[in-house]
Amino acid sequence: MRIEPLLDHLLLVARRSLDEEERPALVSLLLLRLSGWRGHVDRFPDAVDRRPVELTGIVAGGEPARREFQYGEWLREEFVEGRLPGPAEDPDVVILAATAHAAHRVLCGAALAEVVDPVPPDQLREAALGVIPGLLSEIEGDERNVLLTLARIVVTVETGRIVSKDTAAEMVDGGVLLERAGGVPRHGFR
């Protein structure tokens, strides 16, 4: 069984922090018009036929676990209400940087290795373990994604590698977890 990605994840690497005008412009002009999700059929019907986009922004040369900006469909309600994401500590940024170094495509700008340092293995393991409490707090309604993400965390902690969720599920228990996850409805989108 192969799990196809349900969203596009973009990593934005900026030279500086976004200002008061850039942050709302990025949300309203680009992301609210491009991204969407079928789960929004009741609240945001105009977004139902669009593919979800997740964007995480970091500042080049900044703190490794500092998120400058985040956009994802799970935050749409907040964005529509005018609450915009600000900078925050987030261990997932370390994982995203390691994932980007493992496999990425530069859409615009300098090569990733020129602006984001490789993630040391110990820092990656610590970050992977650091996201577990938040992940478990979001499990209801997103069981499939959480199980697959936990499998990926196990593989990352044990091997230091970042692999796809379906590969991780097969590595963790020979595919049994992947089969189980295929039968659990997916209500989330991360």
message = On a heavy-atom basis, which atom in Glu73 and which in Pro52 lie closest, and how many Å separate them?
response = CG-CB, 4.1 Å
inquiry  = So, taking the atom named CZ in Arg161 and the one named CG in Leu124, what distance separates them when rounded to the nearest 0.5 Å?
reply    = 12.0 Å
inquiry  = So Leu10 and Tyr71, do their side chains get closer than 4.5 Å, heavy atoms only?
reply    = no
query = How far apart are the closest heavy atoms of Thr159 and Arg125, and which atoms are they?
reply = C-NH2, 4.3 Å
message = So which atom in Ala128 and which in Val131 form the shortest heavy-atom distance, rounded to 0.1 Å?
response = O-CG2, 3.2 Å
task = Give, for atom CG of Asp117 and atom CD of Gln123, the distance between the pair rounded to the nearest 0.5 Å.
result = 9.5 Å
note = In terms of heavy-atom contacts, Val163 and Arg152 come closest through O-CD, 2.7 Å
message = Do Asp90 and Leu96 make a side-chain contact, defined as non-hydrogen atoms from C-beta onward lying under 4.5 Å apart?
response = no
request  = Compare every heavy atom of Pro133 with every heavy atom of Leu129, then report the nearest pair and how far apart it is.
outcome  = O-CD, 3.8 Å
ask   = Counting only N and O atoms by type, is there a donor-acceptor contact under 3.5 Å from the side chain of Arg50 to the main-chain atoms of Ser35?
value = yes
ask   = Is it the case that one hydrophobic cluster holds both Leu136 and Ile95, taking links as side-chain heavy atoms less than 4.5 Å apart, direct or via other members?
value = yes
Interatomic spacing from CZ in Arg76 to CZ in Arg43 - rounded to 0.5 Å = 10.5 Å
ask   = Does any non-hydrogen side-chain atom of Thr56 lie less than 4.5 Å from one of Phe69?
value = no
ask   = In chain order, what residues pass the side chain to side chain donor-acceptor pair (under 3.5 Å) check against Arg66, with sequence neighbours excluded?
value = Glu89
request  = Would you sort out whether Leu26 and Leu12 count as a side chain to side chain contact (heavy atoms under 4.5 Å, CB included), showing the intermediate values?
outcome  = CA-CA 11 Å; Leu26 192 54; Leu12 169 70; 4.2 Å; yes
key: Hphob cluster co-occupancy, Val59 + Val27, side-chain heavy atoms under 4.5 angstrom   = no
key: Interatomic spacing from CG in Leu135 to OG1 in Thr149 - rounded to 0.5 Å   = 5.5 Å
task = Could you go through the side chain to side chain contact (heavy atoms under 4.5 Å, CB included) check for Glu138 and Trp74 one step at a time?
result = CA-CA 11 Å; Glu138 301 170 350; Trp74 73 96; 5.9 Å; no
message = Side chains of Arg105 and Leu107, heavy atoms from C-beta outward: is any pair under 4.5 Å?
response = yes
key: side chain to side chain donor-acceptor pair (under 3.5 Å) pairs, two or more places apart, involving residues 11-26   = Arg16-Glu22, Ser17-Glu68, Arg23-Glu68
message = Contact between Pro91 and Val94 at the side-chain level, heavy atoms closer than 4.5 Å - yes or no?
response = no
key: Closest contact, heavy atoms only, Ala100 versus His104   = O-ND1, 2.5 Å
query = Linking Ile, Leu, Val, Met, Phe, Trp and Tyr by side-chain heavy atoms under 4.5 Å, what else ends up with Ile58?
reply = Leu11, Val13, Val93, Leu112, Val115, Val116
note = Test side-chain contact (heavy atoms from CB on, under 4.5 Å), reference Leu150, set Val155, Ile132, Asn145, output is Ile132
task = Might you confirm whether atom CD of Glu77 has over 12 heavy atoms from other residues, nucleotides or ligands at distances under 6.0 Å?
result = yes
